[in-house]
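What follows is a short report on a single structure.
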There are 2 protein chains.
Amino acid sequence: MSSVLTAGSFEFDPQLKLEEQTCFQVYALSRLLTKAYQPLLTPLDLTYPQYLVLLLLWEHRELTVKDLGQHLLLDSGTLTPLLKRLAQRGLVSRQRDPHDERSVRITLLPAGVALHERARHIPAQSDQQYAKSPAGLAGLRQELKQLIRRLA
Amino acid sequence: MSSVLTAGSFEFDPQLKLEEQTCFQVYALSRLLTKAYQPLLTPLDLTYPQYLVLLLLWEHRELTVKDLGQHLLLDSGTLTPLLKRLAQRGLVSRQRDPHDERSVRITLLPAGVALHERARHIPAQSDQQYAKSPAGLAGLRQELKQLIRRLA
DNA sequence: CCCAATAAAATTGCACCCAATGTAATATAG
DNA sequence: CTATATTACATTGGGTGCAATTTTATTGGG
């Protein structure tokens with residue numbers, strides 16, 4: 001058997017173990033949670049980032065692209081095509097602010113408002129999926145928020 | 001001012017507030033942490049997922065695509081093109097297992113081994129960035145692991 | 001031995017995600 | 001008032017991420 005490497009040619013640094021890295025745990029958990037939302041969002045024909053945009057619009061009715069980006073920590077490279085898809089489906093409108101033509105105001109259209117009713121039950125259902133958490137999720141969420149504040 | 005909606009045409013369900021959703025916090029934190037790794041990985045010309053693959057190979061020397069997928073919770077649709085890029089650069093080799101031609105064994109090449117030296121300092125540096133966490137990261141990481149176990 | 005079932009990758013297509021760049025509008029300095 | 005800087009989006013390009021499908025290889029039953 002011809003190995004490319006001579007055995008013992010380097011020592012593995014145990015600090016590099018995948019399981020010990022918080023960043024990987026967050027990365028993996030993020031994808032798992034997004035996947036867990038899918039059965040709830042597929043009936044509404046929404047992706048998770050699209051759902052987040054709608055959450056903000058249901059709350060604020062109208063926001064600029066910049067506002068959305070600040071809430072979601074996403075930039076126009078991500079938001080512009082996503083919003084175009086939502087507009088294509090008639091869920092939101094995109095129009096330049098007459099008072100500052102640089103801004104684009106995103107507004108809910110009736111079809112987007114209507115989705116709110118169908119999304120009302122989602123938080124309760126998703127909470128149920130990891131409700132039996134050992135320490136409860138409230139504490140975890142607070143810790144995550146603090147980390148985000150420090151990194152954002 | 002002509003609003004598309006009549007004022008008060010629907011009540012916002014406060015359960016849908018973005019800030020109260022653990023999934024969003026994890027999603028946002030994941031992207032922030034990945035971004036925090038960038039100054040450490042750019043000098044090695046690696047993306048974060050590529051770095052994760054190399055972490056596993058530095059530890060195990062050789063793994064199948066399936067093995068990598070099980071550790072990282074990624075499928076071949078993501079891993080195959082990523083591994084082709086690493087192979088293109090001469091960091092790893094991809095060869096069918098002679099005993100089971102369905103499997104592809106990913107092996108470190110000397111250039112991939114050499115990167116290990118240059119990556120050795122990364123965990124210490126990244127830990128430093130969020131070291132002053134209130135409750136410490138060890139507890140958070142354990143909670144994340146438990147959630148992953150339940151959802152994977 | 002033959003064939004259906006299973007398994008591992010690869011491929012395809014769509015939707016993020018973000019760095020870098022471009023463009024038009026607004027704000028500011030002098 | 002005008003040149004410059006800044007701001008808000010849009011665009012482009014590369015790299016994921018994943019569902020769905022296809023291809024090739026192995027396994028198990030008859």
Side-chain angles (χ1 to χ4, degrees), chain A residues 24 26-39 41-42 44-54 63-70 72-89 94-106 151-152, chain B residues 24 26-39 41-42 44-54 63-70 72-89 91-92 94-106 151-152:
Chain A
F24 169 69
V26 175
Y27 161 77
L29 182 61
S30 175
R31 289 182 290 112
L32 285 171
L33 286 176
T34 299
K35 204 178 297 184
Y37 266 80
Q38 229 175 260
L41 294 179
T42 299
L44 310 184
D45 195 23
L46 292 176
T47 66
Y48 184 69
Q50 289 168 0
Y51 170 68
L52 294 180
V53 166
L54 288 179
L63 291 167
T64 65
V65 174
K66 178 187 175 169
D67 293 332
L68 289 169
Q70 285 179 338
L72 300 173
L73 307 183
L74 292 172
D75 72 359
S76 70
T78 301
L79 287 173
T80 296
L82 184 157
L83 293 168
K84 281 185 178 176
R85 279 185 283 272
L86 294 182
Q88 188 76 30
R89 294 168 50 187
R94 301 164 66 242
Q95 40 196 337
R96 293 280 168 180
D97 183 334
H99 300 309
D100 185 343
E101 293 271 345
R102 292 171 303 179
S103 294
V104 171
R105 298 155 83 93
I106 307 299
L151 289 169
Chain B
F24 169 69
V26 175
Y27 161 77
L29 182 59
S30 175
R31 289 181 292 110
L32 285 172
L33 286 176
T34 299
K35 202 177 299 184
Y37 266 80
Q38 228 175 264
L41 294 178
T42 299
L44 310 184
D45 196 23
L46 292 176
T47 65
Y48 184 69
Q50 290 167 359
Y51 171 67
L52 294 179
V53 166
L54 288 179
L63 290 167
T64 65
V65 173
K66 179 187 176 170
D67 293 331
L68 289 169
Q70 286 179 337
L72 300 174
L73 308 182
L74 292 172
D75 72 358
S76 70
T78 300
L79 287 173
T80 295
L82 185 158
L83 292 168
K84 282 184 177 178
R85 280 186 280 273
L86 294 183
Q88 187 76 32
R89 294 168 50 187
L91 300 179
V92 305
R94 303 165 63 244
Q95 40 196 337
R96 294 279 168 181
D97 182 336
H99 300 310
D100 186 343
E101 294 271 344
R102 293 172 303 180
S103 294
V104 170
R105 299 154 82 93
I106 308 299
L151 289 169

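Atoms considered below: every heavy atom in the structure, side chains included; atoms not considered: hydrogens, waters and symmetry mates. Here is the naming used below: chain letters follow the sequence lines, and residue numbers restart at 1 for every chain.
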Distance under 4.0 Å to a non-hydrogen atom of chain B counts as contact; along DNA chain D, which nucleotides mark the start and end?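 On DNA chain D, the outermost contacted nucleotides are D/dG15 to D/dT26.
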Which is the 5'-most and which the 3'-most nucleotide of DNA chain C that has an atom under 4.0 Å from a heavy atom of chain B? C/dA7 to C/dA19
Which residues satisfy the ring-ring contact (aromatic ring centres under 6.0 Å, His included) test with A/Phe24, sequence neighbours excluded?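 A/Phe24 satisfies ring-ring contact (aromatic ring centres under 6.0 Å, His included) with no residue once adjacent residues are dropped.
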side-chain contact (heavy atoms from CB on, under 4.5 Å) involving A/Ser76 - partner list, sequence neighbours excluded: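 For A/Ser76 the side-chain contact (heavy atoms from CB on, under 4.5 Å) partners, ignoring immediate neighbours, are A/Thr80.
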What does B/Leu79 touch in the nucleic acid at a heavy-atom separation under 4.0 angstrom: a base, only the sugar-phosphate, or nothing? nothing
Any base atoms under 4.0 Å from B/Ser103, or only sugar-phosphate, or nothing? Heavy atoms, all strands.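 Sugar-phosphate, no base atom in range.
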Quick check: on DNA chain C, is the nucleotide nearest A/Pro81 upstream (toward 5') of the one nearest A/Asp97, or the reverse? Name the residue that is more 5'. A/Pro81
Considering heavy-atom distances to DNA chain C, does B/Gln38 or B/Asp67 have its closest nucleotide positioned more toward the 5' end? B/Asp67
Residue list, salt bridge (charged side-chain N to carboxylate O under 4.0 Å, His left out) with [X], at least two apart or on another chain:
X: B/Asp75; answer: none
X: B/Arg85; answer: none
X: A/Asp67; answer: none
X: A/Arg94; answer: none

Rounded to the nearest 0.5 angstrom, the NZ-CZ distance for B/Lys66 and B/Arg102 is 8.5 Å
Mind listing the side-chain donor-acceptor pairs of residues 26-34 of chain A below 3.5 Å, one per line with the distance, residues two or more places apart or on another chain?
{"from": "A/Arg31", "atom 1": "NH1", "to": "B/Leu73", "atom 2": "O", "distance (Å)": "2.7"}
{"from": "A/Arg31", "atom 1": "NH2", "to": "B/Leu72", "atom 2": "O", "distance (Å)": "2.8"}
{"from": "A/Thr34", "atom 1": "OG1", "to": "A/Ser30", "atom 2": "O", "distance (Å)": "2.9"}

